[in-house]
Enquirer: 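Structure below; questions to follow.
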Amino acid sequence: MNFNENIDRKNTRSLKWDGMKNLFGREDLLPMWVADMDFRPPKEVSDALKEKVDHGIFGYTIVTESLNEAICDWTNTRHDWSIKPEWLLYSPGVIPSVHTAIQAFTEPGDKILVQSPVYTPFFHMIERNSREVAISQLILKNGRYEIDFDDFEKKLGSGVKMLLLSSPHNPAGRVWEKEELIKIAELCKKYNVLIASDEIHADLVPAPHKHIPIASLDESFADITLTFMAPTKTFNLAGVQASFMVVPNKTLRTKIAAVQASDGFSMLNTFGSIAMEAAYRHGGAWLDEVLEYIRSNIDYVKETISSQLPDLDVIDPEGTYLVWIDCRKLGLSDAELKKRILEKGKLALNFGHAYGPGGEGFVRMNVACPKETVIEGVKRLQMALGE
């Protein structure tokens, strides 16, 4: 793959490139915000989709045993997690799946715990379902986020019904270690809290770090866990809308499937099904290459900011292609930080206050793009925040 290729995405109905006017109020920005890549997916995926287009019939689609097998093979090979086909449920996306889980296993007014700063839709999903957000804030220590387990347990004991776990964590980039995951699960067992684990970034973890599905660590953990995965972040397929849930507990699986059925929202579209299988069967080599390329981009951002913008601190991501940058030493308010980056730097980033308590004064930069874009993005950040 030529990841240095600059592909013109303007006027292609791209949220990242064509949606800036709606979100930021202007179009003259370099987009390094929403989490999709500026890379083509594996050729085998495009070829499979072209073959379907050439066939020319786009009727109702079934999930095949071949797709189930591809997913099981992938989780086993990439994550050392042996899952069974009957554990799988399908959905257009992780966000719809989490909405379904909230509706299936909690009631209006129930508390759902998140670990902030965290992926902004976590808050929206809870609030739009009339549930209450409970927050256990992560601790930034020596450039790395840690869980405050005393506070975490206190919040679980306050009547929380569900934990929304971001693993790997977005935007902090943490890949939770085995000991941390065991402690999380043991505490959730203790307080009878269901774990809804968003693992959409699971594949985007380069060595030496390794993603561990929390449900893979113990049968008792699997019994209280709903795991949400997808090929969409991994292979830049968000627009085809395809994801799956892994639910080993039959009682939980039956209940969430019933809510899906009542919503009429449990089918994969034709192209999503095809793309998912092709990606999991043939995308391994592509993924290994893209992880290496992204790591090089991250290293460039870290090194350049360290030398050119010493008041900024880059939180080195262990996973994801999202770089979380601490701008608090500048002494700017969130409004001032946003104004300077948008107006002076003409750069579209995600601003940290949207990620909840602990996100104030940070920005999130997406580096899954050609190196030329990364170089220009850092240059614009210097223009906005430099002397």
Enquirer: Would you call K141-E146 a salt bridge at under 4.0 Å N-O?
Expert: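 Judged by the 4.0 Å cut-off on N to carboxylate O distance, K141 and E146 do form a salt bridge.
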Enquirer: Check whether the side chains of N236 and D36 place a donor and an acceptor atom closer than 3.5 Å, and report yes or no.
Expert: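 Judged by distance alone, the side chains do not pair up.
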Enquirer: Say whether, by atom type as modelled, one donor and one acceptor occur between the side chain of D18 and the main chain of R13 under 3.5 angstrom.
Expert: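 Looks like yes, one N/O pair under 3.5 Å.
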Enquirer: From N249 CG over to W87 CH2, what is the distance, rounded to the nearest 0.5 angstrom?
Expert: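 Taking CG in N249 and CH2 in W87, the distance rounds to 10.5 Å.
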Enquirer: Counting only heavy atoms from other residues, nucleotides and ligands, does the tally under 6.0 Å from NZ of K344 exceed 12?
Expert: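 Check passes, neighbour count above 12.
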Enquirer: Not counting sequence neighbours, list each pair that qualifies as a ring pair (Phe, Tyr, Trp, His ring centres under 6.0 Å) and has a residue in residues 358-387.
Expert: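 Qualifying pairs: W324-F362.
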Enquirer: Do L381 and L30 share a hydrophobic cluster (ILVMFWY, side-chain heavy atoms under 4.5 Å, transitive)?
Expert: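 Linked within one cluster.
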Enquirer: Which heavy-atom pair separates R340 from A384 by the least distance, and what is that distance?
Expert: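 Looking at all heavy atoms of both residues, the closest pair is NE-O, 3.0 Å.
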Enquirer: Is there a donor-acceptor contact under 3.5 Å linking the side chains of N129 and Q103?
Expert: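 Their side chains do contain a donor-acceptor pair, which is all the 3.5 Å distance test asks for.
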Enquirer: Distance check, rounded to the nearest 0.5 Å: S216 atom OG versus L181 atom CG?
Expert: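 S216 atom OG to L181 atom CG measures 8.0 Å (nearest 0.5 Å).
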Enquirer: Once rounded to the nearest 0.5 Å, what's the spacing between atom NZ of K43 and atom CZ of R40?
Expert: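 Between atom NZ of K43 and atom CZ of R40 there are 12.0 Å.
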Enquirer: When you check the gap from the basic side-chain N to the acidic O, do E318 and R144 get nearer than 4.0 Å?
Expert: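 Salt bridge between E318 and R144, a charged N being under 4.0 Å from a carboxylate O: yes.
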Enquirer: Is it true that the side chains of S296 and K371 contain a donor and an acceptor less than 3.5 Å apart?
Expert: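 There is such a pair (donor and acceptor under 3.5 Å, judged by atom type) between the side chains of S296 and K371.
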Enquirer: So, does S273 use its side chain to make a donor-acceptor pair with the main chain of N269 at under 3.5 Å?
Expert: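 Absent.
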Enquirer: If you define the side chain from C-beta out and look only at heavy atoms, does anything of P117 sit under 4.5 Å from Y145?
Expert: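 Yes, close enough: below the 4.5 Å cut-off.
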Enquirer: Got more than 12 heavy atoms from elsewhere within 6.0 Å of CD, E292?
Expert: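 No - once you tally the heavy atoms of other residues, nucleotides and ligands closer than 6.0 Å, there are 12 at most.
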Enquirer: Under a 4.0 Å N-O cut-off, is there an ion pair linking K302 with D316?
Expert: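 Salt bridge: yes.
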Enquirer: Please answer whether the main-chain N or O of W81 pairs with a side-chain N or O of T75 as donor and acceptor at a distance below 3.5 Å.
Expert: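 Side chain of T75 to backbone of W81, a donor-acceptor pair under 3.5 Å: yes, one is there.
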Enquirer: Between N366 (side chain) and V34 (backbone), is there a donor-acceptor pair under 3.5 Å?
Expert: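 Side chain of N366 to backbone of V34: a pair is present.
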Enquirer: D203 and H211: side chain to side chain donor-acceptor pair (under 3.5 Å), yes or no, with the steps?
Expert: CA-CA 7 Å; D203 301 317; H211 172 74; over 6 Å; no
Enquirer: Side-chain donor-acceptor pairs under 3.5 Å in residues 255-263, sequence neighbours left out?
Expert:
from: K255; atom 1: NZ; to: A104; atom 2: O; distance (Å): 3.2
from: Q260; atom 1: NE2; to: Y90; atom 2: O; distance (Å): 2.9
from: S262; atom 1: OG; to: V259; atom 2: O; distance (Å): 2.7

Enquirer: Taking the ring of W74 and the ring of F235, is the distance between their centroids below 6.0 Å?
Expert: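 Ring centres of W74 and F235 closer than 6.0 Å.
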Enquirer: Quick one, Y293 with W286, criterion ring pair (Phe, Tyr, Trp, His ring centres under 6.0 Å). Give me CA distance, side-chain angles, the key distance, then yes/no.
Expert: CA-CA 11 Å; Y293 189 90; W286 181 95; over 10 Å; no
Enquirer: May I ask you to decide if C72's main-chain N or O and N76's side chain share a donor-acceptor pair within less than 3.5 Å?
Expert: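 Answer holds: no.
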Enquirer: Of all the heavy-atom pairs spanning L237 and A279, show the shortest one and how long it is.
Expert: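 Scanning both residues, the minimum pair turns out to be CD1-CB, 4.2 Å.
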Enquirer: Without hydrogens or angle criteria, can the side chains of Q115 and H169 be said to hold a donor-acceptor pair below 3.5 Å?
Expert: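 The answer is no; no qualifying pair exists.
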Enquirer: Do K111 and S158 pass the side-chain contact (heavy atoms from CB on, under 4.5 Å) test, and can you show the C-alpha distance, the side-chain angles, and the key distance before you say yes or no?
Expert: CA-CA 9 Å; K111 292 181 182 179; S158 70; 3.5 Å; yes
Enquirer: Report the distance from atom CG of D218 to atom CD of E186, rounding to the nearest 0.5 Å.
Expert: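 Those atoms lie 7.0 Å apart.
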Enquirer: Would you sort out whether E289 and F3 count as a side-chain contact (heavy atoms from CB on, under 4.5 Å), showing the intermediate values?
Expert: CA-CA 9 Å; E289 289 185 36; F3 297 116; 3.8 Å; yes
Enquirer: Measuring centre to centre across the rings, with the benzene-like ring taken for any Trp, is F244 within less than 6.0 Å of F228?
Expert: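 When the ring centroids of F244 and F228 are compared, they turn out to be at least 6.0 Å apart.
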Enquirer: Could you point out which residue of I341, L342, D334 forms a side chain to side chain contact (heavy atoms under 4.5 Å, CB included) with K338?
Expert: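 Per the side chain to side chain contact (heavy atoms under 4.5 Å, CB included) rule, the option paired with K338 is L342, out of I341, L342, D334.
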Enquirer: Using the salt bridge (Lys or Arg N to Asp or Glu O under 4.0 Å) rule, take E376 and R380 through it: C-alpha gap first, then chi angles, then the decisive distance, then the call.
Expert: CA-CA 6 Å; E376 178 64 21; R380 293 185 183 213; 2.9 Å; yes
Enquirer: For residues S46 and P41, report the shortest heavy-atom separation together with the two atoms involved.
Expert: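 So the minimum-distance heavy-atom pair works out to OG-CG, 3.9 Å.
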Enquirer: One pair to check against side-chain contact (heavy atoms from CB on, under 4.5 Å): I112 and K161. What are the steps and the verdict?
Expert: CA-CA 6 Å; I112 298 176; K161 300 298 183 183; 5.6 Å; no
Enquirer: Please indicate whether K189 has more than 12 foreign heavy atoms, meaning atoms of other residues, nucleotides or ligands, lying under 6.0 Å from its NZ.
Expert: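 It does: K189 NZ has more than 12 such atoms within range.
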Enquirer: Taking ring pair (Phe, Tyr, Trp, His ring centres under 6.0 Å) as the cut-off, I'd like each qualifying pair that reaches into residues 115-138, sequence neighbours left out, listed once.
Expert: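 The answer is Y119-F122.
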Enquirer: Measure the OG-CE distance between S91 and M267 for me, rounded to the nearest 0.5 Å.
Expert: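 Between S91 OG and M267 CE, I get 12.5 Å after rounding to 0.5 Å.
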Enquirer: Give a yes or no on whether the backbone of S66 and the side-chain of R281 come within a donor-acceptor separation of less than 3.5 Å.
Expert: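 The answer is yes, because a donor-acceptor pair under 3.5 Å joins these two groups.
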Enquirer: Ignoring hydrogens and geometry, is there a side-chain-to-backbone donor-acceptor pair from T120 to A354 under 3.5 Å?
Expert: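 Such a contact is found between T120 side chain and A354 backbone.
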Enquirer: CD1/I200 to CE/M229 distance, rounded to the nearest 0.5 angstrom?
Expert: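 Nearest 0.5 Å value for the CD1-CE distance: 10.5 Å.
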Enquirer: Does E372, at its CD atom, have more than 12 non-hydrogen atoms belonging to other residues, nucleotides or ligands within less than 6.0 Å?
Expert: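 Incorrect, the count does not exceed 12.
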Enquirer: Going through the distances and angles, do K210 and D80 end up as a salt bridge (Lys or Arg N to Asp or Glu O under 4.0 Å)?
Expert: CA-CA 10 Å; K210 182 172 177 57; D80 299 321; 3.4 Å; yes
Enquirer: Could you list all the side-chain hydrogen bond (donor to acceptor under 3.5 Å, both in side chains) pairs where at least one residue sits in residues 304-315, not counting sequence neighbours?
Expert: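 Those involving residues 304-315 are D313-K329.
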Enquirer: With a 6.0 Å cut-off (strictly less than), is the heavy-atom count around CD of E51, excluding the residue itself, greater than 12?
Expert: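 Atom CD in E51 is not packed in, count stays at 12 or less.
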Enquirer: Look at D38 together with R9 and state whether they make a salt bridge at an N to O cut-off of under 4.0 Å.
Expert: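 Salt bridge flag = yes for R9 with D38.
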Enquirer: Tell me, please, which residues at least two apart from N192 pass side chain to side chain contact (heavy atoms under 4.5 Å, CB included).
Expert: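 Counting only residues at least two positions away or on another chain, N192 forms no side chain to side chain contact (heavy atoms under 4.5 Å, CB included).
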Enquirer: For the pair D151 and K155, find out whether any cationic side-chain nitrogen is under 4.0 Å from an anionic carboxylate oxygen.
Expert: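 Salt bridge between D151 and K155, a charged N being under 4.0 Å from a carboxylate O: yes.
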Enquirer: Look at the side chain of E360 and the backbone N and O of G358, then say whether any donor-acceptor pair between them is shorter than 3.5 Å.
Expert: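 It does hold such a pair.
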Enquirer: Applying the side chain to side chain contact (heavy atoms under 4.5 Å, CB included) criterion to V363, which one of N350, L385, I325 satisfies it?
Expert: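 Only one option passes, and that is I325.
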Enquirer: Please answer: with hydrophobic residues joined when any side-chain heavy atoms are less than 4.5 Å apart, are L89 and V63 in the same cluster?
Expert: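 Per the 4.5 Å side-chain linkage, L89 and V63 are not co-clustered.
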Enquirer: Donor-acceptor check, side chain of T106 to backbone of D110, threshold 3.5 angstrom: yes or no?
Expert: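 Not confirmed, T106 side chain does not pair with D110 backbone.
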Enquirer: Looking only at atom types and distance, does a side-chain atom of S243 sit under 3.5 Å from a main-chain N or O of G93, one as donor and one as acceptor?
Expert: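 Yes.
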Enquirer: Please name all residues satisfying side chain to side chain contact (heavy atoms under 4.5 Å, CB included) with R26, sequence neighbours left out, ordered by chain then number.
Expert: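 R26 satisfies side chain to side chain contact (heavy atoms under 4.5 Å, CB included) with D28, L29, E343, K346 once adjacent residues are dropped.
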